[in-house]
S.K.: 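Pasting a structure here, questions to come.
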Amino acid sequence: MLSFESDYIMGAHPQLLKRLSETNMQPQPGYGNDEYCMSAAEKIRKACGLNKADIYFISGGTQTNQLVIDSMLRSYEGVLAAETGHVNGHEAGAIEYSGHKVLTLPQYEGKVRAEDVDRYINDFFSDENHSHMVFPGMVYISHPTEYGTIYSLSELEKLSHVCRKHHIPLFLDGARLGYALAAEESDLTLKDIARLCDVFYIGGTKVGALCGEALIFTQNKPENFITMIKQHGALLAKGRLLGVQFDTLFTDNLYFKISENAIEKAQKLKNIFENHGISFHIKSPTNQQFIILDNEFMKRLAEKVRFSFWEKKDEKSTVVRFATSWATTDKELQQLEAILNDMK
């Protein structure tokens, strides 16, 4: 069946599989001490414009989010995030499971505003009962957001300024970072993110890898972090699996080149929906496209195409997500268009 269900429905980019096969019989130290993790870290530092950043390769996105938040917060602190933020809505309470509350902020097309962060923290400390409350200890954002929207350079600069003013870290979830950076509307670079965030990660799972995320601390890495990774069940003995993949992704700009494919195909996807009079729930410049379907039409379409339920629009219609990826082809888009033509 034709599928636009997500951006991790395919395995891995062929170049990564080829490199994994080529290095398969080479004995390497475990737990990220192999030559490929070392090489990948150096390439990522160069791409980020960082000389001494601490870089770790983590097994998956949820593990990375929980690990960063749990290791950087004190026991009485929580993390500020958009009410639609991934850590609040789609991680099964993984953050709360680690003992930290997600403190929600208003969302604007999935994004958090600096002024809301500033107001929340000021209001918190002006409350005479704040010693009995969960302290705001970190700001979490994702780029792109859950709605495929992206932060501008100005927006990230303002958030960074507020976080530094209040002496709390800014954490950027980059599970789909390649697609945000490749968006035509983006004026934010990887070096900007490295300059403005205290910690962020470059997603591999959704951008061409079998699995894995590259976590970057630009400053103030928690002590004994490897031990914490293992405590959270996110440390692979065969760390080479992640090292080889990221070393390949950051050779000859492969990560950025394959991300561009998702954006190109997403634009074609949008054109197809627009030509069929299908409305959009939100304007997304990245690979996730959110459209509004009549419920009966949605049921018929689901017999031929896989996509993701997102939210109910009203009693008669539903918001669904179509996602392109590094692997999406023109042939798949042509098949989708043919299906829609047949359903007229």
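For clarity, every value in this text was computed on a predicted model and none was experimentally measured.
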S.K.: Measure the spacing between CZ of F307 and CE of M298 and express it to the nearest 0.5 Å.
M.R.: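 Going from CZ on F307 over to CE on M298, the span is 6.0 Å.
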S.K.: With a 4.5 Å cut-off on side-chain heavy atoms, are Y151 and L159 touching?
M.R.: yes
S.K.: Taking R176 for the side chain and G203 for the main chain, is one N or O donor matched with an acceptor at less than 3.5 Å?
M.R.: no
S.K.: Heavy-atom distance under 4.5 Å between the side chains of L215 and F225, does that happen here?
M.R.: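 Counting from C-beta outward, L215 and F225 do come under 4.5 Å.
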S.K.: For the residue pair N220 and D198, confirm or rule out a side-chain donor-acceptor distance under 3.5 Å.
M.R.: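 Per modelled atom types, N220 and D198 side chains form no pair under 3.5 Å.
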S.K.: With the 4.5 Å side-chain cut-off for hydrophobic clustering, are V117 and I141 part of the same group?
M.R.: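 Same cluster: V117 reaches I141 through Ile, Leu, Val, Met, Phe, Trp or Tyr contacts under 4.5 Å.
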S.K.: Given the rule that I, L, V, M, F, W and Y join up when any side-chain heavy atoms are under 4.5 Å apart, are I9 and L301 in one cluster?
M.R.: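 Cluster IDs for I9 and L301 differ.
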S.K.: Determine whether Y179 and D7 make a side-chain contact, defined as any pair of heavy atoms from C-beta on separated by less than 4.5 Å.
M.R.: yes
S.K.: Could you tell me whether a side-chain N or O of H143 sits under 3.5 Å from a main-chain N or O of A180, the two making a donor and an acceptor?
M.R.: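 No, because the side chain of H143 does not come within donor-acceptor range (under 3.5 Å) of the backbone of A180.
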S.K.: Is the NZ or CZ atom of R74 positioned over F135's six-membered ring, under 6.0 angstrom from the centre and within 45° of the axis?
M.R.: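 No.
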S.K.: Do D247 side-chain atoms and G243 backbone N/O form a donor-acceptor pair below 3.5 Å?
M.R.: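 Side chain of D247 to backbone of G243, a donor-acceptor pair under 3.5 Å: no, none is there.
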S.K.: Within the structure provided, determine whether W310 and V320 are in side-chain contact (heavy-atom separation under 4.5 Å).
M.R.: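 No, too far: nothing below the 4.5 Å cut-off.
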S.K.: Parallel, tilted or perpendicular: which describes the rings of F250 and Y255, with under 30° parallel and over 60° perpendicular?
M.R.: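 Parallel, since the angle between the ring planes stays under 30°.
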S.K.: From L210 CG over to L16 CG, what is the distance, rounded to the nearest 0.5 angstrom?
M.R.: 7.5 Å
S.K.: Does R240 use its side chain to pair, donor to acceptor, with the backbone of T23 at less than 3.5 Å?
M.R.: yes
S.K.: Let's go through V139 and L105 carefully: what are the C-alpha distance in whole Å and the side-chain angles of both, what is the deciding distance for side-chain contact (heavy atoms from CB on, under 4.5 Å) to 0.1 Å, and is it a yes or a no?
M.R.: CA-CA 10 Å; V139 171; L105 294 168; 5.7 Å; no
S.K.: Could you report the tightest heavy-atom contact between G110 and A82, atom names first, then the distance?
M.R.: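 Looking at all heavy atoms of both residues, the closest pair is O-CB, 3.9 Å.
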S.K.: Between N287 and S325, is there a donor-acceptor pair closer than 3.5 Å when you use the side chain of the first and the backbone of the second?
M.R.: no
S.K.: Just checking, is any N or O donor in the side chain of K111 or T149 under 3.5 Å from an acceptor N or O on the other one?
M.R.: no
S.K.: Counting N and O atoms only, with roles assigned by atom type, does the side chain of Q289 sit under 3.5 Å from a partner on the main chain of T286, one being a donor and the other an acceptor?
M.R.: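 Yes, because the side chain of Q289 sits within donor-acceptor range (under 3.5 Å) of the backbone of T286.
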S.K.: Got a donor-acceptor contact below 3.5 angstrom from the H130 side chain to the S126 backbone?
M.R.: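 Answer holds: no.
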S.K.: Given the rule that I, L, V, M, F, W and Y join up when any side-chain heavy atoms are under 4.5 Å apart, are I69 and L172 in one cluster?
M.R.: no
S.K.: Write down the atom of E146, the atom of S142, and the distance for their closest heavy-atom approach.
M.R.: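 So the two residues come closest at N-OG, 4.0 Å.
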S.K.: May I ask you to check whether Q15 and T248 show a side-chain donor-acceptor distance below 3.5 Å?
M.R.: no
S.K.: Specify whether H13 and W326 have parallel, tilted or perpendicular ring planes, treating 30° as the upper limit for parallel and 60° as the lower limit for perpendicular.
M.R.: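 Rings of H13 and W326: tilted, 30 to 60°.
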S.K.: Under 3.5 Å, is there a donor-acceptor pair linking the side chains of D70 and H232?
M.R.: yes
S.K.: Enter the distance from I150:CD1 to D187:CG here, rounded to the nearest 0.5 Å.
M.R.: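 Separation between the atoms: 7.5 Å.
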S.K.: Is there a donor-acceptor contact under 3.5 Å linking the side chains of T318 and N295?
M.R.: yes
S.K.: Write down the atom of H100, the atom of E77, and the distance for their closest heavy-atom approach.
M.R.: ND1-O, 2.9 Å
S.K.: Verify, without hydrogens or angle tests, whether R321 (side chain) and F309 (backbone) share a donor-acceptor contact under 3.5 angstrom.
M.R.: no
S.K.: Flag the pair T145 / T84 as yes when at least one side-chain heavy-atom distance between them is below 4.5 Å, and no otherwise.
M.R.: no
S.K.: Hey, can you tell me if Y56 and F217 have their rings parallel, tilted or perpendicular (30° and 60° cut-offs)?
M.R.: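 Aromatic pair Y56/F217 classed perpendicular.
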S.K.: For V87 and E91, which heavy atoms make the closest approach, and how far apart are they?
M.R.: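 Heavy-atom minimum between the residues: CG1-OE1, 3.3 Å.
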S.K.: I need the T104 OG1 to Y120 OH distance, nearest 0.5 Å.
M.R.: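 Those atoms lie 7.5 Å apart.
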S.K.: Using a strict threshold of under 4.0 Å (side-chain N to carboxylate O), is an ion pair present between D342 and K304?
M.R.: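 The answer is no: the pair does not qualify as a salt bridge.
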S.K.: Would a 4.5 Å heavy-atom cut-off, applied to side chains only, mark I229 and I226 as touching?
M.R.: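 Yes. Closest side-chain heavy atoms under 4.5 Å.
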S.K.: Taking all non-hydrogen atoms of both residues into account, name the closest pair between C37 and F57 and its distance.
M.R.: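 Looks like O-CE1, 3.5 Å.
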S.K.: I want to check something: taking the side chain as every heavy atom from C-beta on, are D173 and V68 in contact at a cut-off of under 4.5 Å?
M.R.: no
S.K.: side-chain contact (heavy atoms from CB on, under 4.5 Å), that's the test. Do K230 and Y31 meet it? Break it down for me.
M.R.: CA-CA 9 Å; K230 193 154 193 174; Y31 303 109; 3.7 Å; yes
S.K.: Once you round to the nearest 0.5 Å, how far does NZ of K265 lie from CD of E260?
M.R.: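 The CD atom of E260 is 11.0 Å from NZ of K265, to the nearest 0.5 Å.
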S.K.: May I ask you to check whether N271 and Q267 show a side-chain donor-acceptor distance below 3.5 Å?
M.R.: yes
S.K.: Going from NZ on K43 to CG on D252, what distance comes out if it is rounded to the nearest 0.5 angstrom?
M.R.: 8.0 Å
S.K.: Without hydrogens or angle criteria, can the side chains of Y108 and E155 be said to hold a donor-acceptor pair below 3.5 Å?
M.R.: no
S.K.: Go through L177 and I193 one step at a time and tell me if the side-chain contact (heavy atoms from CB on, under 4.5 Å) criterion holds.
M.R.: CA-CA 10 Å; L177 185 56; I193 291 169; 3.6 Å; yes
S.K.: Give the intermediate values and the outcome of side-chain contact (heavy atoms from CB on, under 4.5 Å) for residues H281 and E311.
M.R.: CA-CA 10 Å; H281 178 62; E311 60 189 63; 3.5 Å; yes
S.K.: Are the side chain of E213 and the backbone N or O of A175 linked by a donor-acceptor pair below 3.5 Å?
M.R.: no
S.K.: Decide if atom CZ of F273 counts as having more than 12 heavy atoms of other residues, nucleotides or ligands within a radius under 6.0 Å.
M.R.: yes
S.K.: Determine whether F280 and V319 fall in the same hydrophobic cluster, where Ile, Leu, Val, Met, Phe, Trp and Tyr are linked whenever their side-chain heavy atoms lie under 4.5 Å apart.
M.R.: no
S.K.: Under the 3.5 angstrom rule, does the side chain of Q245 hit a backbone N or O of L241 as a donor-acceptor pair?
M.R.: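 Checking the backbone N and O of L241 against the side chain of Q245, a donor-acceptor pair under 3.5 Å is found.
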S.K.: Quick check: do S259 and I263 have side-chain heavy atoms less than 4.5 Å from each other?
M.R.: no
S.K.: If two hydrophobic side chains count as joined below 4.5 Å and joins carry through other members, does M38 share a cluster with F246?
M.R.: no
S.K.: With the threshold set at 4.0 Å, does a side-chain nitrogen-carboxylate oxygen contact exist between E22 and K18?
M.R.: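 Salt bridge between E22 and K18, a charged N being under 4.0 Å from a carboxylate O: yes.
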S.K.: Looking at E303 and K299, is there a salt bridge between them, counting it only when a charged N and a carboxylate O are closer than 4.0 Å?
M.R.: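 Here K299 does not pair with E303 in a salt bridge, since their nearest N and O are not under 4.0 Å apart.
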S.K.: Yes or no on salt bridge (Lys or Arg N to Asp or Glu O under 4.0 Å) for E264 and K268, after CA distance, side-chain angles and deciding distance?
M.R.: CA-CA 7 Å; E264 176 194 332; K268 292 181 178 180; 3.5 Å; yes
S.K.: Verify the distance criterion only: is there a donor paired with an acceptor across the side chains of S21 and N24 at less than 3.5 Å?
M.R.: no
S.K.: Identify the two heavy atoms, one from Q66 and one from Y97, that lie closest to each other, and give their separation to 0.1 Å.
M.R.: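 Taking Q66 first and Y97 second, the nearest heavy atoms are NE2-CD2, 4.1 Å.
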